[in-house]
Amino acid sequence: MKKRMIAGILASVVTAALITGCGGNDAGTVTEEAPAKTEEVQETEDGTKEETSKEEASGEKVTLHYYAWSEGDYLKEMVDAFNASSENVVVEMTQVSSDEYDDKLMTMLAGTNDIDVFNMRSGSLLSNLAQSGNLADITQMISDSGMDISVYGTGYAETKVNDKFYGLPYRASAYGLFYNKKLFDQKGIDYPDNLTWNEYADLAAQLTEGEGNDRIYGGYIPDWNNCPYITIQEGSNFADDDLTSLQKWWEMENRLYNTDNSHMSFSDMKSTGTDGINFFCTGKCYMYPGGEWSISDALTMMKNDPAIADNFELGIATVPQPEGSTSPVTIGGVSTFIGISSASEKQEAAFEFISYMAGKDAAKYIAEAGAIPAYIDDEITGIFENAIGVSGAANILGPSKISETLVMPEYTELQTIEKEERELYLIGEQSLEEGLKNFEDRRVEVMNK
């Protein structure tokens, strides 16, 4: 299959806030003005000069200023554990509300705030900040430390910018097939296991029954879930010259929504505003392909409404696979990163901290919270499974993972136009051929801007 090879990054792409240099901080923000620099200049053996922070020069513990969004108690637990274990570094963390974080991070980086280390929630943001000069190149630090980056999977290499690493991953994502064990038990049917997409569609059609409000669907894929499963699993993407794999996914969704009617139609989902996880947990469908967040959503539903447990028990299977696949592949991989500000004068101390955050000790805190760490081995898988209280964690953590999003500036716009054209096809306002042609034409415009 011919691919549009996107090694990474277009050098001119810089976030607008960073180019314009956002001005002073708004009142009430958590950003801090940087204190006056306190460095000492020392001569090395070869006569060159290097700057050392006053703390490092005096032998005191180095204080790092770390910025993150509010994503759970485990982040504070990880920082506290690092502070207790490090002989050289102490970390002061500031957490910003999740919906404000990205904008405030841009403001801080563009101003004179004291920021040494910060989190990034996507490879695209990492790429943009690396290109704009806001992230430190940590490639040599990784090499010198002897760190085994293979534990992060093959997707980590795709985060390189100009063949350099600029951040370490500490969280990951993974898609699976979730199902209601009690509905399967009532039918006397085996739980889904290692299905292909065609087998999934056949099973969903077999399970669907009833009419109107009494209808129970075989499966449910929310209208907001724009992940093109088969496309990604076959190694393709929205920037691929060959749209064969994208066509396969469009045809599969059309079968599920409109031909077999084994899933609520796209039109009905749009018109009713159905909450997918509520639909699943209240016994309106048997199966629910989705991301790992579906686990915590389902467990929260059960906690808030104990009556749900009478008719619902969560099961986890490997996400369905394309025909002919020889080993399971899912959507996911490293998704959340921590990096060092290029302006920080505490690079060595900062790398010690981000290495811990991306390592096994920190991964235990993430797994214990029911989230998926970037660092995964058998022990971490066991901790995760114990935390969620549901067997089958290996089915979602074990498969090879491919990122849903390419690290390229135009990809968000490609996702938008694909969604628009696919929806028009699925609600019957254009043919398959028209939809793919329109997407292809609009994609050329985006890529040639």
Side-chain angles (χ1 to χ4, degrees), residues 173-180 183 192 195 197 200-201 203-205 207-208 210 213 215-233 238 246 248-302 304-305 308 311-312 314-321 330-332 335 372 390 395-396 402-405 412 414-429 435:
S173 62
Y175 279 62
L177 174 61
F178 308 103
Y179 60 92
N180 187 341
L183 286 183
L195 301 178
W197 279 105
Y200 169 82
L203 178 58
L207 295 170
T208 301
N213 292 333
R215 188 174 183 83
I216 299 179
Y217 291 90
Y220 188 96
I221 299 178
D223 57 303
W224 51 260
N225 190 337
N226 299 315
C227 175
Y229 290 88
I230 293 175
T231 309
I232 303 298
Q233 288 172 309
F238 294 151
L246 182 61
K248 289 180 183 178
W249 179 243
W250 283 24
E251 291 174 324
M252 176 55 67
E253 282 203 308
N254 187 61
R255 176 186 173 183
L256 299 174
Y257 292 138
N258 301 321
T259 303
D260 293 350
N261 301 122
S262 63
H263 292 56
M264 182 182 285
S265 73
F266 213 88
S267 298
D268 286 347
M269 284 190 288
K270 285 289 189 185
S271 63
T272 61
T274 301
D275 180 347
I277 199 68
N278 182 283
F279 196 77
F280 174 49
C281 292
T282 54
K284 296 295 186 180
C285 67
Y286 284 76
M287 299 180 289
Y288 188 91
E292 81 286 345
W293 61 86
S294 305
I295 298 172
S296 60
D297 287 348
L299 296 180
T300 299
M301 284 283 298
M302 295 178 70
N304 293 340
D305 186 357
I308 287 178
N311 299 295
F312 179 82
L314 181 64
I316 304 175
T318 303
V319 72
Q321 300 293 303
T330 191
I331 316 302
S335 62
I372 299 179
V390 181
N395 291 328
I396 191 171
I402 302 178
S403 175
E404 180 181 351
T405 304
T412 298
L414 294 186
Q415 289 175 308
T416 298
I417 62 175
E418 187 277 339
K419 178 179 184 289
E420 292 171 352
E421 297 301 334
R422 177 171 45 85
E423 286 186 9
L424 290 174
Y425 161 60
L426 291 173
I427 64 176
E429 293 192 6

Residue pair [X] / [Y]: nearest heavy atoms and the distance that separates them:
X    : Y    : result
T231 : W249 : OG1-CB, 3.7 Å
L299 : V390 : CD2-CG2, 4.4 Å
M264 : T274 : SD-OG1, 3.6 Å
I427 : S267 : CG2-OG, 3.5 Å
Y217 : S262 : CB-O, 3.3 Å
D260 : A205 : OD2-CB, 4.1 Å

Does [X] use its side chain to pair, donor to acceptor, with the backbone of [Y] at less than 3.5 Å?
X    : Y    : result
D223 : K270 : no
N278 : M301 : no
Q233 : P320 : yes
E292 : S173 : no
N258 : L426 : yes
T416 : T412 : yes
E421 : K419 : no

Inset, instruction - Tell me, please, which residues at least two apart from F178 pass ring-ring contact (aromatic ring centres under 6.0 Å, His included). - result: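 ring-ring contact (aromatic ring centres under 6.0 Å, His included) list for F178, sorted by chain: empty.
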
Inset, instruction - Report the residues that fulfil ring-ring contact (aromatic ring centres under 6.0 Å, His included) with Y220, sequence neighbours left out, ordered by chain and then residue number. - result: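 Counting only residues at least two positions away or on another chain, Y220 forms a ring-ring contact (aromatic ring centres under 6.0 Å, His included) with F279.
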
Inset, instruction - Please name the residue in the list Y257, W224, W250, Y425 that meets the ring pair (Phe, Tyr, Trp, His ring centres under 6.0 Å) test with F266. - result: Y257

Inset, instruction - Please tell me if the side chains of R422 and L246 come closer than 4.5 Å, counting only heavy atoms from C-beta onward. - result: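 Side chain of R422 against side chain of L246, heavy atoms only: no contact under 4.5 Å found.
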
Inset, instruction - Would you indicate whether the side-chain heavy atoms of P222 and Y288 approach each other to under 4.5 Å? - result: yes

Measuring from [X]:[atom1] to [Y]:[atom2], what's the distance to the nearest 0.5 Å?
X    : Y    : atom1 : atom2 : result
E404 : N226 : CD    : CG    : 7.5 Å
M287 : N180 : CE    : CG    : 11.5 Å
I396 : I372 : CD1   : CD1   : 5.0 Å
F238 : E418 : CZ    : CD    : 3.5 Å
L195 : Q321 : CG    : CD    : 9.5 Å
F280 : L183 : CZ    : CG    : 8.5 Å

Legend entry - Note: E251-R255 ion pair, threshold 4.0 Å (strictly below): no

Legend entry - Residues I295, L314; criterion side chain to side chain contact (heavy atoms under 4.5 Å, CB included); working and verdict: CA-CA 8 Å; I295 298 172; L314 181 64; 4.2 Å; yes

Inset, instruction - Check step by step if side chain to side chain contact (heavy atoms under 4.5 Å, CB included) holds for L203 and Y200. - result: CA-CA 5 Å; L203 178 58; Y200 169 82; 5.9 Å; no

Inset, instruction - Apply the side chain to side chain contact (heavy atoms under 4.5 Å, CB included) test between I402 and each candidate in I232, I331, T330; give the one that qualifies. - result: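 Answer to the side chain to side chain contact (heavy atoms under 4.5 Å, CB included) test with I402 among I232, I331, T330: I232.
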
